[in-house]
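Here the structure comes first, spelled out in structure tokens, and everything after it is commentary.
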Amino acid sequence: MSNESKKPAARPDGNRTGAMRSWIIIATVVALFFAFYKTNPGEQAVRELTQIEFYKALDEGKLVEPVVRFIDRDEGETYLTGEMETDQVDKDGKPLADKNGDPVRVRYRVPLVPGENEPLMENLFSQQIPVKVKERRSPLSPLVMNILFFGGMMFLFYWLFYRKMGGDGGMFGFGKSRAKLLDGKAEKAKVTFSDVAGIDEAKEEVQEIVSFLKEPAAFRKLGGRIPKGVLLVGPPGTGKTLLAKAIAGEAQVPFFAISGSDFEEMFVGVGASRMRDMFAEAKKKAPCIIFIDEIDSIGMKRTGAGALGASRYNEQTLNTMLVEMDGFSPNEGVIVIAATNRPDTLDAALLRPGRFDRQVMIDLPTLKGREDILALHGKKIKFGPDADLSRIARGTPGFSGADLANLLNEAALMSVRKKLDGVDMETLEEARDKVLWGRERKSAGYSQKDREITAWHEAGHAILQLLAKNADPLHKVTIIPRGRALGVTMSLPERDVLGRTKSHFLDELVICCGGRIAEKMFTNEISTGAAQDIAMATDIARKMVCTYGMSERFGFQAFNEQSPYAIAESMPPAFSEETSRAIDAEVSKLIADAYARAEREIAENRDKVELLAKTLLERETMDGRDVARLVGIEMKEPEREEAKPADEAKPGEAQPGEPRTEVL
């Protein structure tokens with residue numbers, strides 16, 4: 001093991017701990033300075049007496065004997081100090097006494113005026129009170145003490161305002177870079193390509209960057225130019241940040257990590273200053289990697305003067321980044337990697353060749369990718385003999401890598417609560433349902449009438465789900481509250497779906513209407529439980545008309561909704577009012593046709609809906625296959641073979657299948 005690998009990793013709270021230690025030292029020094037400079041702890045409770053008060057106390061015999069008296073000469077002044085009985089009395093009018101009954105004593109101090117001390121001294125000697133003369137002088141002269149005092153104040157001023165305030169987050173450190181430097185060699189033992197699964201194509205694309213950072217001479221020899229910037233694009237949780245750390249770990253180079261929001265500040269020009277400082281630090285460490293997470297916060301499209309939402313100061317940060325990446329000054333050996341899930345909002349100048357030369361798509365993992373991710377995260381988990389990760393992978397289309405890791409963690413926690421020896425298959429499926437639809441709330445009490453309405457509602461959804469030939473297979477139906485829903489009908493595609501057909505959306509519209517129709521048919525009443533079904537059906541129908549071109553009236557056309565931030569003068573409506581009314585009519589027609597079809601199918605299968613509803617009131621939760629056997633409807637078997645890679649599909653043209661939920 002090399003010496004470099006033995007170095008302890010920098011703690012993220014090191015700056016905070018050092019600042020706190022410095023403040024403690026400063027406070028201690030100031031306290032000691034003031035304690036020894038002007039203050040004597042023995043004189044804190046000294047009572048100042050005038051000559052008349054002193055003579056009165058002497059005549060009344062309040063001076064305690066035998067007590068040694070001191071005459072102190074401090075800075076040219078002379079005092080007579082000692083102890084005397086206090087003049088204070090309690091609530092009964094008696095002199096204050098201690099716990100032993102003795103009178104309370106206080107220290108006193110009497111200034112001695114030159115030429116008037118003889119009568120006082122004669123009275124003391126006449127009463128045989130001994131007086132001892134003691135001179136107390138500071139070891140340092142007042143001039144030296146003043147110099148030390150003001151020198152200490154200047155040192156504290158320098159420490160606070162020039163050193164501490166000049167660091168990260170300080171008064172004079174706003175323009176400094178907030179990027180955290182990670183040692184690539186130290187990070188190699190933590191994150192490498194072996195720790196990244198499910199995005200094999202993305203790892204192949206960034207492999208060239210690793211090769212360049214390891215052997216840059218080989219690329220320059222053939223005249224090749226490595227990309228200056230790589231933009232990682234994909235949904236949240238797909239591993240963009242993890243892939244960037246793996247690149248730095250494989251290449252063993254310095255790695256500067258920062259978020260796009262770290263460039264924003266309330267002061268003007270701070271973002272641009274931090275950007276320049278970050279690239280300056282990176283050039284000193286070249287070859288190195290700069291990783292900017294959520295770059296869309298500073299790289300959004302620049303707008304014209306006066307446009308709504310324009311921010312001239314954010315554009316200064318973007319302009320500085322554009323110049324630093326590809327401007328007049330050379331930028332050799334510094335590779336910028338950025339991540340975003342909103343590439344459509346980025347400025348065109350940022351995406352041109354010479355800046356972000358390459359865009360790497362990191363999409364949701366396929367079936368094989370999900371299996372690899374589950375196997376990677378499952379190395380630290382003990383499974384039961386019946387656990388089948390491949391089955392979980394088939395039942396989790398649309399899950400990201402972060403979702404799969406969360407699923408395994410939830411399963412492990414559930415197994416601990418159940419006191420199992422390992423995570424079994426039942427717990428894995430329960431964890432999947434919890435991640436998708438929320439945890440069951442069996443303790444949520446509601447009336448029998450509510451249970452019956454929920455049972456009719458979910459039975460209507462479930463029967464139509466079984467009858468639909470183009471919809472996803474029924475997974476589970478329950479009347480136990482889960483999440484914020486009183487009941488849930490779950491459908492789950494068990495293969496990757498790269499595209500949806502018109503027949504699928506029409507079946508989905510019919511299924512959405514089933515809950516309301518079943519309620520009305522069997523209870524002669526309707527409830528608010530169909531609110532989400534109505535919203536889902538309206539959204540599907542509008543997308544069929546405006547986005548997917550699945551309307552018979554409009555055909556192959558798209559009608560994009562106007563942005564609410566658009567200005568009427570600069571951005572005219574996307575379509576006319578007459579077309580808008582026609583779109584509304586077409587959406588209403590699609591929903592009305594689906595509602596009529598759902599009414600007809602539920603009426604034809606009334607006995608099946610009634611049987612399922614009564615069974616749900618008894619069992620509360622039923623698997624999709626059990627429902628199919630109960631009502632005698634043959635359930636469509638899902639395709640379980642692994643889908644072939646669609647090399648011809650372009651990014652953005654197809655979306656993986658996602659679970660659907662009908663809730664009450």
Side-chain angles (χ1 to χ4, degrees), residues 12 15 165-184 209 213 226-233 240-241 244-245 247-248 253-303 305 309-343 345-359:
N15 293 336
M165 293 297 184
D168 293 341
M171 180 180 298
F172 301 103
F174 288 113
K176 299 295 183 181
S177 172
R178 297 289 181 88
K180 296 181 180 179
L181 174 61
L182 304 177
D183 187 0
I209 299 176
L213 292 173
I226 199 67
K228 291 186 178 181
V230 177
L231 184 64
L232 306 180
V233 180
K240 300 183 292 294
T241 304
K245 295 179 67 175
I247 294 173
V253 296
F255 181 80
F256 291 87
I258 193 171
S259 173
S261 60
D262 289 334
F263 293 99
E264 300 177 359
E265 193 62 70
M266 62 180 292
F267 298 100
V268 178
V270 171
S273 176
R274 288 176 179 173
M275 184 69 70
R276 286 189 293 268
D277 185 69
M278 181 183 66
F279 274 92
E281 293 294 328
K283 291 175 183 178
K284 298 176 183 178
K285 300 285 186 178
C288 67
I289 293 175
I290 295 177
F291 175 67
I292 305 177
D293 199 7
E294 304 297 342
I295 194 176
D296 48 88
S297 62
I298 60 172
M300 297 184 69
K301 296 177 180 178
R302 289 169 289 185
T303 54
S311 177
R312 183 165 57 90
Y313 307 117
N314 288 343
E315 292 179 2
Q316 290 179 1
T317 305
L318 175 59
N319 293 336
T320 304
M321 184 177 181
L322 297 176
V323 173
E324 292 291 343
M325 290 188 68
D326 188 20
F328 286 101
S329 59
N331 191 20
E332 296 293 336
V334 178
I335 298 177
V336 182
I337 301 178
T340 183
N341 52 13
R342 301 171 59 195
T345 64
L346 297 181
D347 192 85
L350 197 62
L351 303 178
R352 74 160 175 82
R355 291 190 177 117
F356 284 106
D357 308 80
R358 182 174 300 178
Q359 295 188 27

Under a 3.5 Å distance rule, please check whether [X] uses its side chain to pair with a backbone N or O of [Y] as donor and acceptor.
{"X": "R355", "Y": "L322", "result": "yes"}
{"X": "D296", "Y": "R342", "result": "no"}
{"X": "R358", "Y": "G229", "result": "no"}

* For A282 and I290, work out which heavy atoms get closest and say how close. =>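 Looks like CB-CD1, 3.6 Å.
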Heavy atoms, side chains only, cut-off 4.5 Å: are [X] and [Y] in contact?
{"X": "I258", "Y": "R274", "answer": "no"}
{"X": "V233", "Y": "N341", "answer": "no"}
{"X": "T320", "Y": "F279", "answer": "no"}
{"X": "K228", "Y": "I335", "answer": "no"}
{"X": "I337", "Y": "L231", "answer": "no"}
{"X": "L350", "Y": "L318", "answer": "yes"}
{"X": "K245", "Y": "F291", "answer": "no"}
{"X": "I298", "Y": "M321", "answer": "yes"}

* Start with the C-alpha gap between D293 and S259, add the side-chain angles, then the distance that decides, and say whether side chain to side chain donor-acceptor pair (under 3.5 Å) holds. => CA-CA 5 Å; D293 199 7; S259 173; 5.8 Å; no
* Output, in order, the C-alpha distance, side-chain angles, deciding distance and verdict of side-chain contact (heavy atoms from CB on, under 4.5 Å) for M275 and Q316. => CA-CA 10 Å; M275 184 69 70; Q316 290 179 1; over 6 Å; no
* Asked: Going through the checks in order, is the side-chain contact (heavy atoms from CB on, under 4.5 Å) test met by C288 and F255?
  -> CA-CA 6 Å; C288 67; F255 181 80; over 6 Å; no
* Would you check, one step at a time, whether the test side-chain contact (heavy atoms from CB on, under 4.5 Å) holds for F356 with V336? => CA-CA 8 Å; F356 284 106; V336 182; 3.9 Å; yes
* What's the spacing between T345 OG1 and K301 NZ if we round to 0.5 Å? ->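 Those atoms lie 7.5 Å apart.
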* Between atom CG of D347 and atom CZ of R352, what is the distance when rounded to the nearest 0.5 Å? ->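 Spacing of CG (D347) from CZ (R352) equals 11.0 Å.
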* Test side-chain contact (heavy atoms from CB on, under 4.5 Å) on M278 and I292 and set out the steps. => CA-CA 11 Å; M278 181 183 66; I292 305 177; 4.3 Å; yes
* Asked: Are R276 and E281 ion-paired here, with the side-chain N under 4.0 Å from a carboxylate O?
  ->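 No, R276 and E281 are not salt-bridged.
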